[in-house]
Amino acid sequence: EAVVLRPDVRGAAVVCSAHREGPVVTLRARYDDGSEIVSAHAGLDPPPPGTRVAVEISRDAVVEVPTAAAVAPTNDE
């Protein structure tokens with residue numbers, strides 16, 4: 001898995017939501033600083049919302065998806 005959310009009372013994030021669609025579970029967790037991570041997992045029994053978790057990220061397997069908030073508008077158009 002590229003991202004692992006492991007229940008840990010000393011973890012740096014809290015699961016905000018878990019949504020299953022067939023075999024895929026999408027988890028959203030909020031770090032203590034307010035930033036969020038969204039990850040997709042196959043065949044996982046996800047930690048329920050409200051669970052404090054440690055987040056482990058394999059940088060080699062992560063694809064960063066830009067969002068509208070991350071793209072600065074230009075006046076070149």
Side-chain angles (χ1 to χ4, degrees):
E1 299 278 342
V3 177
V4 176
L5 301 178
R6 183 176 30 82
D8 185 340
V9 295
R10 294 170 290 165
V14 175
V15 175
C16 301
S17 65
H19 175 74
R20 179 178 292 279
E21 190 167 324
V24 178
V25 178
T26 302
L27 297 172
R28 179 181 301 271
R30 183 173 295 121
Y31 287 99
D32 293 338
D33 69 3
S35 60
E36 293 187 350
I37 185 168
V38 177
S39 56
H41 306 267
L44 174 72
D45 184 19
T51 303
R52 184 160 284 279
V53 292
V55 180
E56 298 173 14
I57 301 171
S58 171
R59 296 287 180 194
D60 294 334
V62 172
V63 175
E64 191 168 333
V65 179
T67 63
V71 178
T74 64
N75 293 327
D76 296 338
E77 297 176 47

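Only heavy atoms go into these numbers, but all of them, side chains included; no hydrogens, no water, no symmetry mates.
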Notebook entry, point to check: Is it the case that H19 and S17 place a side-chain donor and acceptor less than 3.5 Å from each other?
Noted result: no

Give, for atom [atom1] of [X] and atom [atom2] of [Y], the distance between the pair rounded to the nearest 0.5 Å.
X   : Y   : atom1 : atom2 : value
T26 : R20 : OG1   : CZ    : 10.0 Å
T51 : R6  : OG1   : CZ    : 13.5 Å
C16 : R28 : SG    : CZ    : 7.5 Å

Which atom of [X] lies closest to which atom of [Y], heavy atoms considered:
X   : Y   : value
V24 : A40 : CG1-CB, 4.3 Å
P47 : L5  : CG-O, 4.2 Å
P48 : V15 : O-CB, 3.8 Å

Check: Is it true that atom CG of D33 has more than 12 heavy atoms of other residues, nucleotides or ligands lying nearer than 6.0 Å?
Finding: yes

Note to self: Would you say that more than 12 heavy atoms from the other residues, nucleotides or ligands in this model lie under 6.0 Å from the CD of E21, or not?
What the structure shows: no

Check: Going hydrophobic residue to hydrophobic residue with side-chain gaps under 4.5 angstrom, can you get from V38 over to Y31?
Finding: no

Notebook entry, point to check: Are I57 and L27 co-members of a hydrophobic cluster defined by side-chain heavy atoms under 4.5 Å apart?
Noted result: yes

Check: Any side-chain heavy-atom pair from R52 and V14 closer than 4.5 angstrom?
Finding: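 Yes, their side chains come closer than 4.5 Å.
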
